[in-house]
S.K.: 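Sharing a structure with you now.
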Amino acid sequence: MFKPGKKIEFKSAKEIPLTPMSLGDMTHNYTGSWRNLRPEIDYDRCIDCMICWKFCPEPAIFIENDRPKIDYYFCKGCGICVQECPVKCIAFEEEGK
Amino acid sequence: MFKPGKKIEFKSAKEIPLTPMSLGDMTHNYTGSWRNLRPEIDYDRCIDCMICWKFCPEPAIFIENDRPKIDYYFCKGCGICVQECPVKCIAFEEEGK
Amino acid sequence: MKKVLMGNHAISYGATLSRVQVIAAYPITPQTQVVELLSEIVANGELDAEFIKVESEHSAMAACIGASAAGARAFTATSSQGLLLMHEVLHWASRARLPIVMANINRAISPGWTIWTDQNDSLSQRDTGWMQIYTADNQEVLDSIIIGYKVAEKVSIPLMIVLDAFVLSHTYEPVDVPDQEKIDKFLPPYKPKIKLDPEDPHAFGGLTAPNIYMEFQYNHQQAMMEAKKIINEVGKEYGDITGRYYQNLSPYKVDDAEYVVITTGTISKTTNIVVDKLRDSGVKIGNLRIRTLRPFPSEEIYEQLKGKKKVFVIDRNISFGNTGIFFQEVKASLYNTDIRVPIFGFVTGLGGRDVTPELIEEIVNIGIKNEKPEEEVIWMGVKK
Amino acid sequence: MKKVLMGNHAISYGATLSRVQVIAAYPITPQTQVVELLSEIVANGELDAEFIKVESEHSAMAACIGASAAGARAFTATSSQGLLLMHEVLHWASRARLPIVMANINRAISPGWTIWTDQNDSLSQRDTGWMQIYTADNQEVLDSIIIGYKVAEKVSIPLMIVLDAFVLSHTYEPVDVPDQEKIDKFLPPYKPKIKLDPEDPHAFGGLTAPNIYMEFQYNHQQAMMEAKKIINEVGKEYGDITGRYYQNLSPYKVDDAEYVVITTGTISKTTNIVVDKLRDSGVKIGNLRIRTLRPFPSEEIYEQLKGKKKVFVIDRNISFGNTGIFFQEVKASLYNTDIRVPIFGFVTGLGGRDVTPELIEEIVNIGIKNEKPEEEVIWMGVKK
Amino acid sequence: MTEKKKRKISLSIPAEEIMRPGNLACQGCGASLAMRYALKALGRNVIFDIPACCWSVIDGPFPYSSIGVPLLHMAFETAASTASGIRAATKVLGKEDTTVVAWAGDGGTFDIGFQALSGAAERNEDIIYVCYDNEAYMNTGIQRSGATPYGAWTTTTPVKHYKKLPKKDIIEIMAAHRIPYVANVNIAYPEDFIRKFKKAASIKGTKFIHVFSPCPPGWKMKPDDTIKVAKLAVQTRVFPLIEIEHGIKYTLNVKVNKPKPVFEYLKLQGRFKHLTEKEVQRIQEDVDAYWDYIMKKVEFSKEYAG
Amino acid sequence: MTEKKKRKISLSIPAEEIMRPGNLACQGCGASLAMRYALKALGRNVIFDIPACCWSVIDGPFPYSSIGVPLLHMAFETAASTASGIRAATKVLGKEDTTVVAWAGDGGTFDIGFQALSGAAERNEDIIYVCYDNEAYMNTGIQRSGATPYGAWTTTTPVKHYKKLPKKDIIEIMAAHRIPYVANVNIAYPEDFIRKFKKAASIKGTKFIHVFSPCPPGWKMKPDDTIKVAKLAVQTRVFPLIEIEHGIKYTLNVKVNKPKPVFEYLKLQGRFKHLTEKEVQRIQEDVDAYWDYIMKKVEFSKEYAG
Amino acid sequence: MLELRLHGRGGQGSVVASKILADAVMKSGKYVQAFPEFGVERRGAPVVAFVRIDDKPILLKSKIYTPDHLIVLDPTLIEAINITEGLKENGIILINSEQHPSEFKFDGKFRVMTVDAKRIAIKYRLGSKASPIVNTAILGAVIKAIPVTTMDYLVEAIKDGVPVKIEENIAAAKEAYDSLIKGE
Amino acid sequence: MLELRLHGRGGQGSVVASKILADAVMKSGKYVQAFPEFGVERRGAPVVAFVRIDDKPILLKSKIYTPDHLIVLDPTLIEAINITEGLKENGIILINSEQHPSEFKFDGKFRVMTVDAKRIAIKYRLGSKASPIVNTAILGAVIKAIPVTTMDYLVEAIKDGVPVKIEENIAAAKEAYDSLIKGE
Ligand SMILES: Cc1ncc(C[n+]2csc(CCOP(=O)(O)OP(=O)(O)O)c2C)c(N)n1
Ligand SMILES: Cc1ncc(C[n+]2csc(CCOP(=O)(O)OP(=O)(O)O)c2C)c(N)n1
Ligand code: SF4
Ligand code: SF4
Ligand code: SF4
Ligand code: SF4
Ligand code: SF4
Ligand code: SF4
Ligand SMILES: [Mg+2]
Ligand SMILES: [Mg+2]
């Protein structure tokens, strides 16, 4: 799982770098809020082929103990994993249901 | 032979066109002055093949009564006609000699 | 007909009503809807024009130059980086004296990447020989395109209509779209003074030696001076048929004012609110909106500012290493006159920073409070 | 070592002595010899640099930006249309705060095609955020490149050295070429403040929202203000090792003058002759040469002009629809001061029209004769 | 989570994630996936430059970045020239081993940045130029580019006037520049994708890689169809996966012996929904002809190289 | 003049001279001759635009012009985009029959104007784009361009560092744009030259013509060798004369069964005089290989078209 | 002056909604202004749009920081972001939801209303079942909740502003008008 | 101040000649400036170059309209153009020619001198027989005719300014120095 990054704020022109320069990554930005459908892996059926991991654009699927795991902080809910899973073991339901 | 063009002069900003626009051609500009070698056709040997005419870049060779004629006002003295004449009937001598 | 239009569509309708014949444009945020709507209008056959979907803004302007030189009414629209990329050919268009009209949506300059408004893009074209008109609402945008062609074709100088990114380009406002017939009478078909014509062949733009080059520059400048009058005349003529009058300057309660805020673009509208509010509390203040940057209406500004106590210029731009640009232009234009009122130069709103009535009030208060500007550039709304 | 050098070769030697590491350039008359000599110097192994023979000036500047951002000292040279074509990326370089140095040979703008000198090319870049230094002889050209790097790297702003086409670029003059050792001490290797480095990865120039964009602009402007001092300081330091001192302004007999002619570039030198001549005939006149256009040295100009009777600005340029540009800059910078001396604005020498001592004398005479300028722009040497 | 089964999985692409989530790509963005693969292939000793394109936004605003390697954002038309400058600097600074990558969209490659690319190729600059191709100007809201295929709707090729010109054949054009390596890749074929990027990094001189990169909003398709559509592009022969060395040696990387009808590919995408059967037929013929053409090149090049 | 013999001459190219003398081309300029032929082929119902190049000067300064047809001088990088604008205007103004010609040097075509050209080709603009190729930036005093051949000296590729990169293969690159007509011509073959210009004028869409155009000062050769060198370029197979239709149909126009050694061509030109025997040999091999390649294309295209 | 803020997701048509509403308001003789959030829109990501309404010409060109009312096109946003930022006391929060207003809890004193615009949109086949286009439907409820114009003008505005399925959009708006749930 | 004008043809090296002369003058301790005609040079077409010499720094940056003396690298130019335009009275016209000065006639009072630089250049194999490069040769004669510097400095300047055949160029300059024909 990705270590959530920090939001960086500047109080004044004196604090900013010489030119707009990155000082951290986007992992403070929980793109999970973009999702209105939520993928859920049925691990009983999952064959650990890692195809879902391979095709997740974010990446929001990581490998933990040799199994795929969805990081809901970042999963945007595109549904690619759902569609590409060869055994169709990822469900896709409306958020909050 | 080309009709020599006129030099065009302007006395004031009121006389010039809206934008730099041509009002005549360059035939007032006697590029013959560029020449230090002078091509001369030996008409006795000339076979009127018009190769010299064909290859003169200016164009400074014209056809008069089916014969090639060099216009010395404009001939720059490049020597192409001299070299390309198949019967080598064009002499190339220093100007003023 | 009244329509709720975004500024970008106001441009498209302005161009359509002007019956432009060749459009060459390239997309850029925040201009894209201009191009998209024009694509549709042309595709639907509602405008008899060729639309060249060029591969860059540079080529857009080059194609406009080609089209205009070949005798067609030419149009383009762009913004920021796109305008900057045109720079060389902007100079070309004006020196070729071609009456092209373009719309430029004021977007700040990168890096860092930005899509929000400020005026540095168009203002850094102030020396390209184009006329420039800054607009303040979508109605004015539409009207100015039409007026722009008439002016440009009269003086043979290209003209740029400028509007704020998003604040106008993407904001929907009620706009009266005039009838085509009315506009056709106002703006007859283009009669080119310069034309690439096989039946009357000329070469345009050839080598121009030191003995004559300068005379063309002189004429260009004279035409610009002439344009000061023409813009007002044509603006009046347009007003007579539509009821909407446009001049080089747009003063608001300036007549009896002691203090004058000089603004451009949409900041002017918000400033009017502040003027009203302050007037209510007894401050004799007015707002002078500069519409025309080129030709710069020095004489009219002089007339407006005569006898005032203080002047506050709000610039949504900065010429690094100097000051805000309208501030500079105004000061320079008054230097040799008898006006010596203190002029304050404020820089604000860069890169889309919002300019609120509160901020404008603060500006005015600083101006009123201080006898004269403590710094040449007074930064407002910046976290120093 | 003293050498007879054309201005273009003075540039090449200046760049070589500065040990530039990446050169990216594209040929244009009257700059070509710069590139040609540098090609030879690099080919001969006399300079350890990469020379990218790009396919356009636009790419030349983009390559300089890439090289500078990756940590190398970068150089280019161009002129006129080439400079104009760089416009977008000029803005980019300065806002990226990269200390690139370039030489620009002042050539007038087309159409009609011209290769002769005037300043409209570089002056229409006055709002791009670059520093600009105008030079008056080949010695100064060479020296200014070296000084330029030191200044640029101190304030993190790119710098443009400007010289007149042909009058300097193609004119041979004796030039002292300093020893490499001396220069190495003056100008140590480049220590980048910004660097693309896999071992310390950062992204540069990303999307910068309205809530923070303006602060970068503010810092850019502060650095420009700082540069006014730095240019003088570094110029002094250079003088201490070479005997040649360069400052923002170069006054000639201004101290006790009643009349001051303000000039730039080579016109200044010819003006000095006229000053001497008029002084001989009892006219108290001096010449103030402005070297630095950006940052604009307002305060120093104020000091120089305090107490003068009249000021005559000679512009080899024109902002169409307004006035000569140095004229405008000077007037604006003095507006809010207590100086109210009449300033006359003369435009002359466009497109390579020769500016002779006689013409300058005529200008001075008009200035002296008239109480104040009758027109905002006084055209000289033009066939009206 | 269910009880873990103990077994070793084997991954067909590198495990390390250099790219970070939280980025600003749309749901199902192909370009996002492309970057993820590219970074896996190239590792960290790399410098990127990116001109204006969706990736200028995806990476994140100041002060953030998602790609984890040094990156210079640059003006739209400068990808290749900027990379040339970066490459020159790394050379004089003794960092020849750093890979320099220009990463641009199709607009920035086929259109506005094409001259810089062609110039860099002419100089055989030692860079990898990557074009992720979503077949329109997406960042500005779906305008046609030189990469927009025949028949497609975009906002500047409205339905009444859909694009009637073919897609610029960038692969062939770059091959005609005779650079050492030209290849195309497809996000649905990650192993091929990564192999080619690694190969490109190992070659000196200019490398050009063309990435097939679906864009759900721009193509008017469901975000979950991204991989499906990408696969179909290969399976219908719309996008033959090839490599071209020195402009003459052509290799076909994925054989498609039984191609699916192009309609399968088109029908998933709203941008093609206005097409008549006749137009679909025409596109099928174009695809067939192009495939034949490429196959002939492959043949020809065998003969040639042999 | 001697006594006139009475006989009718027959001319192999049109007699009418549209171009005027007095122009500012150097002695023996190939570009000057190229324009003379082009005008003979195209006649007077034509509009030219010319970007910065020698021809901006050759034509003559204001207020003069030598070409006798309407001409717009334009910025260096805009030949094709300006022509697109002119073409659009002629269309709306009902002058579709006017031929629109962009006339540019190699620098303006291979390098700085290439994007505009490629863009116009992508749009299949109805113009003739002519590149007269003197293999360097001549107007600015002989700097290298993308068209400068391997081995040549120029002022930016000095003898110690002569050009080590091949000439950009513009013909192949333009062919890969699949425009209806691509051809090259040579001033030493005026009949072929004129035929191709006339053909180009008869075709709708983008036509690209590449003109071999020797330059005595730039090539450091005698002005009277212009035609000789041009002929040798063909006879040594350095410059095979071809036509390419729609990017696939290749035709060889002048057979060269017994090629002369390339050295014959090189030795007349000072720009090559520093070359060692080995380098000359290398160039010979490149020329042979390229000829083979083109011949294969001709073969391939027969098969293909057949 | 009345200031409204619309909340939706990229691709859901909040800007079109704001424009149609503005048109309907203009037609009723009022002055109006509508604008999107100034920035990059990403499909799926939360976005906002604004409408200003007044009886006199609107000169104000700055942003809206303290809206009078909110319109929420997608209920999942309520969890995802802090929706009530800047909302004035007693402001209406009109949510596209099948739930009753009382089921929504916000920090602060607001008037929650709901309308099941999704159901209505699906009924009239606006968009697909998976992603219905609710923007015209919800407008019907808006003008009921915040009576800035009449249904007649809204119908006209929909006619001018929607390219396809005009009748269905109108019917949806009308049905939404009738099915607004005002809460307490 | 002394102002010289050189006449040649494009490609003949008049500018190089002016530069070498300037260098030689500088080496002798004087101030100097040299420049070509500002314009486009065409091989074969008449061109000019200028040299200014003074004892104090040269500030003047305008053109030369009334030269003190002329140097003519190519005698065929005399027929082709009006060579003496602006030349001051009593100015020297130094011509590269095998002829005697008296064979040249000009309108005005000038001092004609000649040197057969062409023959000398050919002798030292400078350039080809058809187009010999006379620019260094003629400089030898120039400093004899107009003594602005010494042969020693000229030799040094040639060493610095000529890339190949240095010795031959020097020898040619020296021979020209000795073979100047001053006329009357
Ligand atoms: C000179 C210039 N013109 C236009 C733009 C606007 N612009 C930014 S990104 C973009 C579209 C990029 O298209 P593409 O390269 O295909 O990348 P995509 O957005 O599709 O990923 C455009 C037109 C710009 N930034 N600069
Ligand atoms: C933007 C820009 N850059 C550079 C130039 C200078 N320039 C003018 S002509 C020319 C060379 C043209 O070369 P080519 O196109 O090969 O034509 P040629 O002169 O060889 O005929 C150059 C570099 C220019 N006019 N504009
Ligand atoms: S694709 Fe499906 S089966 Fe394969 S690892 Fe992912 S969830 Fe498991
Ligand atoms: S739905 Fe999309 S973003 Fe979420 S885990 Fe699956 S592939 Fe990744
Ligand atoms: S010498 Fe050259 S210019 Fe003169 S006639 Fe012969 S070919 Fe023509
Ligand atoms: S080429 Fe020779 S033979 Fe032929 S026409 Fe000319 S002069 Fe006569
Ligand atoms: S518009 Fe397309 S390419 Fe751009 S981020 Fe969204 S999905 Fe990706
Ligand atoms: S330099 Fe070459 S191309 Fe240019 S005019 Fe002279 S000969 Fe012709
Ligand atoms: Mg794209
Ligand atoms: Mg060339």
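Numbered from 1 within each chain, the chains take letters A, B, ... in sequence-line order.
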S.K.: What closest approach, in Å, do W113(C) and P51(E) show between heavy atoms, and which atom pair accounts for it?
M.R.: CZ2-C, 4.5 Å
S.K.: Measure distances from S110(C) to the heavy atoms of chain E and classify the residue's part below 4.5 Å as side chain, backbone, both or neither.
M.R.: neither
S.K.: Please find the pair of heavy atoms, one from A43(C) and one from P158(E), that lie closest to each other, and give the distance.
M.R.: CB-CG, 3.8 Å
S.K.: With a cut-off of 6.0 Å (strictly less than), are more than 12 heavy atoms of other residues, nucleotides or ligands near CD of E46(C)?
M.R.: yes
S.K.: Classify the ring geometry of F76(E) against Y26(C): parallel below 30°, tilted from 30° to 60°, perpendicular beyond 60°.
M.R.: tilted
S.K.: Between OG of S39(C) and NE2 of H161(E), what distance do you get to the nearest 0.5 Å?
M.R.: 9.0 Å
S.K.: Given heavy-atom pairs under 4.5 angstrom as the criterion, report whether the side chain, backbone, both or neither of Y137(E) touches chain C.
M.R.: side chain
S.K.: Roughly how far, to the nearest 0.5 Å, is the CD atom of E55(C) from the CD atom of E77(E)?
M.R.: 11.5 Å
S.K.: With a 4.5 angstrom heavy-atom cut-off, is it the side chain or the backbone of L85(C) that approaches chain E, or both, or neither?
M.R.: side chain
S.K.: Quick one, I112(E) and E57(C) - any side-chain contact, counting heavy atoms below 4.5 Å?
M.R.: yes
S.K.: More than 12 foreign heavy atoms under 6.0 Å from NZ of K383(C): is that the case here?
M.R.: yes
S.K.: How far apart are the closest heavy atoms of T140(E) and T32(C), and which atoms are they?
M.R.: O-CG2, 3.3 Å
S.K.: Is the number of heavy atoms from other residues, nucleotides or ligands within 6.0 Å of NZ (K384(C)) greater than 12?
M.R.: yes
S.K.: Considering all heavy atoms of both residues, which atom of G141(E) and which atom of E36(C) are nearest to each other, and what is their separation?
M.R.: O-OE2, 3.6 Å
S.K.: Enter the distance from K53(C):NZ to K163(E):NZ here, rounded to the nearest 0.5 Å.
M.R.: 10.5 Å
S.K.: Got Q143(E) and V35(C) here, is their nearest side-chain heavy-atom distance under 4.5 Å?
M.R.: no
